[in-house]
Amino acid sequence: MEGVSKQSTEADLTSRVSEQADAAEVTQSEEAKKYLEAHKIPELLENMTAQLVFHQPDNPREFMVNLVGKLKDARDAAIEYPSLFEESNLESVFGILDPTGRGYISTVQYKHALESLGMKDFNQDPDGSNDDRIELSTFIGEAKLGLMTSSATFKQ
């Protein structure tokens with residue numbers, strides 16, 4: 001009987017130690033995730049990866065070092081961040097959404113376009129949204145701001 005009780009106690013102890021280790025691992029993992037998110041590391045890596053794939057430089061390490069420098073300069077000087085999209089690209093997107101050349105797109109088209117460009121935080125009600133007519137200048141301005149926000153790989 002005493003042997004069974006000792007085995008049961010050892011099993012309970014092993015189980016509790018394992019549960020505590022699992023809980024500590026989850027807490028450590030959550031802390032790591034919070035740290036990475038607080039410092040926008042996933043956004044930085046996503047931005048760098050996209051830039052690498054797009055440009056395919058001969059020296060990727062040097063390219064990444066230069067990109068980080070450009071991001072730092074943009075942050076310090078409050079200028080536009082390196083982005084894969086230029087104004088001409090945004091004009092093309094608008095043109096696709098406005099094939100008849102009316103000069104405006106709907107608010108729904110505007111939102112879908114910005115979401116498709118990878119923007120998460122953007123002005124949901126830009127100039128013209130009350131009339132459901134978003135003009136090119138508004139679209140480009142809001143898209144640039146949204147791209148700047150999504151490309152900012154540091155706290156703003």
Nearest 0.5 angstrom please: [X] [atom1] to [Y] [atom2], how far?
{"X": "Leu97", "Y": "Arg102", "atom1": "CG", "atom2": "CZ", "answer": "9.5 Å"}
{"X": "Asp127", "Y": "Glu142", "atom1": "CG", "atom2": "CD", "answer": "7.0 Å"}
{"X": "Leu114", "Y": "Phe139", "atom1": "CG", "atom2": "CZ", "answer": "5.0 Å"}
{"X": "Glu37", "Y": "Lys34", "atom1": "CD", "atom2": "NZ", "answer": "9.5 Å"}

Under 3.5 Å, side chain of [X] to main-chain N/O of [Y], donor-acceptor pair present?
{"X": "Thr138", "Y": "Ile134", "value": "no"}
{"X": "Gln109", "Y": "Ser106", "value": "yes"}
{"X": "Ser129", "Y": "Asp132", "value": "no"}
{"X": "Asn123", "Y": "Asp125", "value": "yes"}

Say whether Leu45 and Leu36 are linked into one hydrophobic cluster, either directly or through other cluster members, by side-chain heavy-atom distances under 4.5 angstrom.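 Yes: a chain of side-chain contacts under 4.5 Å links Leu45 to Leu36.
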
Same apolar cluster: Tyr104 and Ile140, side chain cutoff 4.5 Å: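 No, because Tyr104 and Ile140 fall into different hydrophobic clusters, even though each may have its own neighbours under 4.5 Å.
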
If I compare all heavy atoms of [X] with all of [Y], which pair ends up nearest, and what's the gap?
{"X": "Asp98", "Y": "Gly103", "answer": "OD2-N, 2.7 Å"}
{"X": "Phe63", "Y": "His55", "answer": "CZ-CD2, 3.5 Å"}
{"X": "Gln124", "Y": "Thr107", "answer": "O-CG2, 4.2 Å"}

Could you check whether atom CG of Asn59 has more than 12 heavy atoms from other residues, nucleotides or ligands sitting under 6.0 Å from it?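 It does: Asn59 CG has more than 12 such atoms within range.
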
Take Phe122 and Glu115, measure what side-chain contact (heavy atoms from CB on, under 4.5 Å) needs, and give me the verdict at the end. CA-CA 9 Å; Phe122 58 87; Glu115 288 168 358; 3.8 Å; yes

With a 4.5 Å heavy-atom cut-off, do Leu52 and Leu67 have their side chains touching?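 The answer is no, as the side chains (C-beta and beyond) never meet within the 4.5 Å cut-off.
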
